[in-house]
Engineer: 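I'd like to ask some things about the structure below.
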Amino acid sequence: MSGKGQDRSTRRLEVSTPAIEAAAAVLADGGLVAFPTETVYGLGGDACSATAVAAIFAAKDRPAFNPLISHVESTKSAFALGVATPQARALADRFWPGPLTLILTRQPDCPIARLTSAGLDRIALRVPAHPAARELLARFGGPVAAPSANPSGRISPTRADHVMAGLAGRVDLILDGGRCDSGVESTVIDCSGDRAVILRPGGVTRDEVAACLAGSGLAELGPEPASANPDAERPASPGMLASHYAPRAALEMDVTDASPGMELIGFGNIEGAGAAGLNLSPDGDLAEAAANLFDMLHLADAGGSAVIGVAPIPTHGLGEAINDRLRRATTPRDL
Ligand code: TXA
Ligand code: MG
């Protein structure tokens, strides 16, 4: 897969067992599949492949690496990836499969790519109810990262025609399952702490969530922090910077020569320097750099240097998102 935004020949198939088998094969090959869910069509890729996830961001022209929801087949699969709190169990039992996304702390052995969660330690998980989505997830056998299947800043798609209009040439296969029932995205609830917090209202209402928690004898919903939702399509507040991954070390951008003691992450012909000698993409490929970004920041941080430098990254295409995330990582967390 090239990872470029616009050079795919798009197949469109009506939902059938062979079509779902073909879609699972595309995912296994690192490709992109648009598929119906009960809320909106998702633009799916293998959540464990940073390369596939980078291709999702490129296809959508998403201006920043907002964390993506990983879709899984069952509650059991979800809790193998994210740590189940009592709140998470109660909400999952009541609303999954369905339009509910839970934010959970990643399990220590969670194979989801760090790019999928934009470098955060918490991951978003959803078990969709749509039969075609469920069959696709079962056949693929792993988590599928999927934002809504629309170019960034456009309306979410509820028909295969909408996906075709927005993403033709940017997705390998569109599974046409007719119209989505709901058209409203899933409710996103952070269940990683002591109290559940709604980060995005959606298909499951606040009253339904509150009733479920009360019925299970759990603490009521916590207040929604103004900075909770790092969703660039609906920016919450500049405070959202604080929720993004920042390394322990200080980070400097646009570094062409490593100073003594600095771990320099290279790009293109600016070689990496320091203990780890990392390079985001020796060939200067922005999709490859995007796929490597969060892993290399983690690796550089693990080396223990006080300062991490990053070589200049072009600002076009995925470079805009890479520079955006680097800028956020230079910003202290407690802004
Ligand atoms: O109904 C839906 O949720 C659809 C279908 C395709 O499943 N998906 C969808 O994805 O709406 P997207 O990418 O458009 O929205 C994902 C939301 C964003 O608001 C994002 O900020 C939030 O989930 N999110 C994802 N991971 C997160 C995390 N680790 N922490 C906080 N918020 C997260
Ligand atoms: Mg969206």
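We count ligands from 1, going down the list as the structure has it; atoms in each ligand are counted the same way. Everything quoted here is computed from the prediction, not taken from an experiment.
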Engineer: Closer than 3.5 angstrom, by distance alone: can the side chain of T37 be matched with the main-chain N or O of T39 as a donor-acceptor pair?
Structural biologist: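 Yes.
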
Engineer: Just checking, any donor-acceptor pair under 3.5 angstrom between side chains of T205 and D207?
Structural biologist: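 Distance-only check fails for T205 and D207.
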
Engineer: Please state whether S117 comes within less than 4.0 angstrom of ligand 1, counting heavy atoms only.
Structural biologist: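 So S117 does not count as touching ligand 1.
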
Engineer: Quick test of your reading of the model: are E263 and R248 salt-bridged, counting only N-O distances below 4.0 Å?
Structural biologist: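 No, E263 and R248 are not salt-bridged.
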
Engineer: For ligand 1, is there an N or O atom under 3.5 Å from any N or O atom of T39?
Structural biologist: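 Yes, there is a polar N/O contact under 3.5 Å.
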
Engineer: Does R122, backbone or side chain, put an N or O under 3.5 Å from an N or O of ligand 1?
Structural biologist: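 N/O-N/O distance below 3.5 Å exists for this pair.
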
Engineer: What do you reckon, does E185 have a nitrogen or oxygen under 3.5 Å from a nitrogen or oxygen of ligand 1?
Structural biologist: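 Between E185 and ligand 1 (N or O atoms, distance only) the closest approach is not under 3.5 Å.
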
Engineer: Less than 4.5 Å apart, any side-chain heavy atom of V310 and any of L280?
Structural biologist: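 Side chain of V310 against side chain of L280, heavy atoms only: contact under 4.5 Å found.
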
Engineer: Go through ligand 1 atom by atom and flag the ones less than 4.0 Å from a non-hydrogen atom of S148.
Structural biologist: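 Taking each heavy atom of S148 in turn, ligand 1 has 9 (C), 10 (O), 14 (O) under 4.0 Å.
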
Engineer: Quick check on I103 - does any of its heavy atoms sit under 4.0 Å from an atom of ligand 1?
Structural biologist: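 Within the 4.0 Å threshold, so yes.
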
Engineer: Considering the heavy atoms of H71, write down every atom of ligand 1 situated less than 4.0 Å from one of them.
Structural biologist: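 Answer for ligand 1: 5 (C), 6 (C), 7 (O).
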
Engineer: Check L199 against ligand 1 and report side chain, backbone, both or neither, counting heavy atoms closer than 4.0 Å.
Structural biologist: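 Side chain only.
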
Engineer: By salt bridge (charged side-chain N to carboxylate O under 4.0 Å, His left out), which residues pair with R134, not counting sequence neighbours?
Structural biologist: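 Here no residue qualifies.
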
Engineer: Looking only at atom types and distance, does a side-chain atom of D172 sit under 3.5 Å from a main-chain N or O of L32, one as donor and one as acceptor?
Structural biologist: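 Side chain of D172 to backbone of L32: a pair is present.
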
Engineer: Does T37 reach ligand 1 with a nitrogen or oxygen that is under 3.5 Å from one of the ligand's nitrogen or oxygen atoms?
Structural biologist: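 N/O-N/O distance under 3.5 Å: no.
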
Engineer: Is any side-chain heavy atom of W96 closer than 4.5 Å to one of L102?
Structural biologist: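 L102 reaches W96 side chain to side chain.
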
Engineer: Give the numbers and elements of all ligand 1 atoms closer than 4.0 Å to a heavy atom of L120.
Structural biologist: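 So the atoms of ligand 1 that pass are 28 (C), 29 (N), 30 (N).
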
